[in-house]
Amino acid sequence: MEDRKRTIFAVVIGLIIVAALVYSFGFALFSPTPKVELPDTASDSEPGSSEPGQAGGVVVEVTPATVQSVIRSLSRYESYSRVIDVTYHWGDGQSSAFVVRVWSDGGWTRTDTVFPSGVIEHSVVGDLRLWLWYEDGHSDTPQAVFEGSAAEMKSDLMQRLPTYEDVLELDTDDILAAGYMDFAGHPCIYVETRRKSFDGVDRYWVSVDNGLLMGAEIGGEGTPSYRMVSQEVVSPMDTESGAFVLPDSTNLHQARLIVQ
């Protein structure tokens, strides 16, 4: 009798677990989310059209209510190189401009940042480590390389870029505008957000082709306190560039040819 009770009890528990799994995952298992297809901003079709795309996806209208979902559908290039122009503004019309050369491959990122003074900051971030060194072009002294944890020094930070994925953490009320827009010749998702820490708004232009930030303006009244514009993106990056080689010839990462 006891064995029968234990058997019935085990069956009941099993049914409860199955029911819980079906309740939790049923929609994902039996009602797959339609594939998001981003429109071609160069075409004559209106952005936000709900017409099915050639690949069977659904063209999603970008609004403050949907832009977070659309951004989640993007993925960055696995391997690329480019040049970024960054300008900081402060005070009465004062500004400082930087030129950042970037190589990225398989989770490794090298940046060469030219300061207004002419000093060049070199950095490599990868495998949760950071390598950093400087050169001023006027010294023959061997370059000292700092190596440390990259826990707080993300590749976006070393490129002097805001991480646009932060938009995903915002309340919808803090997203002021969103849509598809051409920026510097690239079809992009545009999103404008309210900055809570000080007056002003943040604006991002994210490429629908490569998932990279192509332009950004951060805060400030009138003139943004920060502005960046990306030049043309080359993918994959040049595997012969030696981007991940330290001054002592240590090769931290061998870039591999990746076909997009």
Side-chain angles (χ1 to χ4, degrees), residues 36 38-43 47-48 60-64 66-90 93-104 109-116 154-170 174-235 237 260:
V36 173
L38 302 175
D40 179 2
T41 57
S43 69
V60 176
E61 181 180 8
V62 175
T63 68
T66 65
V67 67
Q68 290 167 311
S69 296
V70 176
I71 287 177
R72 285 190 185 94
S73 73
L74 300 178
S75 59
R76 301 191 188 192
Y77 272 171
E78 177 76 7
S79 177
Y80 67 90
S81 61
R82 64 170 171 170
V83 176
I84 300 169
D85 297 306
V86 175
T87 306
Y88 296 93
H89 298 271
W90 71 93
Q94 300 182 69
S95 64
S96 186
F98 298 77
V99 177
V100 186
R101 181 75 184 271
V102 181
W103 298 263
S104 186
T109 301
R110 159 76 178 264
T111 61
D112 287 356
T113 303
V114 182
F115 287 71
K154 307 300 184 184
S155 62
D156 280 358
L157 180 61
M158 296 311 298
Q159 296 179 59
R160 287 165 173 78
L161 294 179
T163 302
Y164 71 80
E165 285 91 349
D166 289 345
V167 171
L168 301 178
E169 307 301 323
L170 296 177
D174 292 324
I175 300 177
L176 305 178
Y180 293 110
M181 184 180 297
D182 185 88
F183 181 85
H186 294 271
C188 291
I189 294 168
Y190 169 75
V191 57
E192 180 178 307
T193 68
R194 179 183 293 110
R195 175 164 284 267
K196 293 182 177 180
S197 57
F198 54 86
D199 292 335
V201 298
D202 297 346
R203 300 179 178 90
Y204 305 93
W205 290 265
V206 185
S207 171
V208 300
D209 294 328
N210 55 47
L212 297 173
L213 189 67
M214 302 303 294
E217 296 179 349
I218 302 298
E221 287 292 341
T223 301
S225 57
Y226 165 96
R227 175 181 284 131
M228 67 78 57
V229 176
S230 172
Q231 297 183 28
E232 195 66 31
V233 177
V234 177
S235 180
M237 64 164 280
Q260 297 291 344

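Just so we're clear, the structure is a prediction, and the values are computed from it rather than from any experiment.
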Q.
As a quick check of understanding, evaluate side-chain contact (heavy atoms from CB on, under 4.5 Å) for Ile218 and Tyr204, giving each step before the final call.
A. CA-CA 9 Å; Ile218 302 298; Tyr204 305 93; 4.0 Å; yes
(Q) Checking Tyr180 against Ile189 for the side-chain contact (heavy atoms from CB on, under 4.5 Å) test, could you report, in this order, the C-alpha distance in whole Å, the side-chain angles of both residues, the deciding distance, and whether it holds? (A) CA-CA 5 Å; Tyr180 293 110; Ile189 294 168; 4.1 Å; yes
Q: Just do the side-chain contact (heavy atoms from CB on, under 4.5 Å) check on Val233 and His186 with the steps written out, would you?
A: CA-CA 10 Å; Val233 177; His186 294 271; 5.5 Å; no
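In this structure, CG in Leu170 is found 5.5 Å from OG1 in Thr193, a value given to the nearest 0.5 Å. In this structure, CD in Glu165 is found 9.0 Å from CG in Leu213, a value given to the nearest 0.5 Å. The CD atom of Glu78 sits 9.0 Å away from atom OG of Ser235, with the distance rounded to the nearest 0.5 Å. In this structure, Gln94 CD and His89 NE2 are separated by 12.0 Å, a value rounded to the nearest 0.5 Å. From Leu161, atom CG reaches atom CE of Met228 across 5.0 Å, with rounding to the nearest 0.5 Å.
Remark: Ala97 engages Thr87 in a side-chain contact (heavy atoms from CB on, under 4.5 Å) (not counting sequence neighbours). Ser104 meets the side-chain contact (heavy atoms from CB on, under 4.5 Å) test with Tyr80, Thr109; sequence neighbours excluded. Glu217 pairs by the salt bridge (charged side-chain N to carboxylate O under 4.0 Å, His left out) definition with Arg203, Arg227, not counting sequence neighbours. Annotation: side-chain contact (heavy atoms from CB on, under 4.5 Å) contacts of Leu176 (sequence neighbours excluded): Glu192, Arg194, Val201. For the side chain to side chain donor-acceptor pair (under 3.5 Å) test, no residue two or more places apart in sequence or in another chain qualifies with Ser95. Looking at residues two or more places apart in sequence or on another chain, you find a salt bridge (charged side-chain N to carboxylate O under 4.0 Å, His left out) between Asp112 and Arg110.
Side chains of Val191 and Tyr164 form no contact here, defined as non-hydrogen atoms less than 4.5 Å apart. Taking 4.5 Å as the limit, some side-chain heavy atom of Leu168 sits within range of a side-chain heavy atom of Arg72. Here the side chains of Phe98 and Phe115 are in contact, with some heavy-atom distance below 4.5 Å. Using a 4.5 Å cut-off on side-chain heavy atoms (C-beta onward), Ser96 and Trp90 make contact. Between Ser230 and Leu212 there is no side-chain heavy-atom pair separated by less than 4.5 Å. The shortest distance between side-chain heavy atoms of Phe183 and Val229 falls below 4.5 Å. Annotation: side chain of Gln68 is in contact with side chain of Ile175 (closest heavy-atom distance under 4.5 Å).
With Ser207 contributing its side chain and Asp209 its backbone, the two residues share a donor-acceptor pair below 3.5 Å. Under a 3.5 Å cut-off, the side chain of Asp202 and the backbone N or O of Gly219 do form a donor-acceptor pair.
Residue Ile84 forms a side chain to side chain contact (heavy atoms under 4.5 Å, CB included) with just one option from Met214, Arg160, Gln159, and that option is Gln159.
Pro64 and Ala177 make their closest contact through CG-CA, 4.1 Å (heavy atoms, listed as atom of the first residue, atom of the second, distance).
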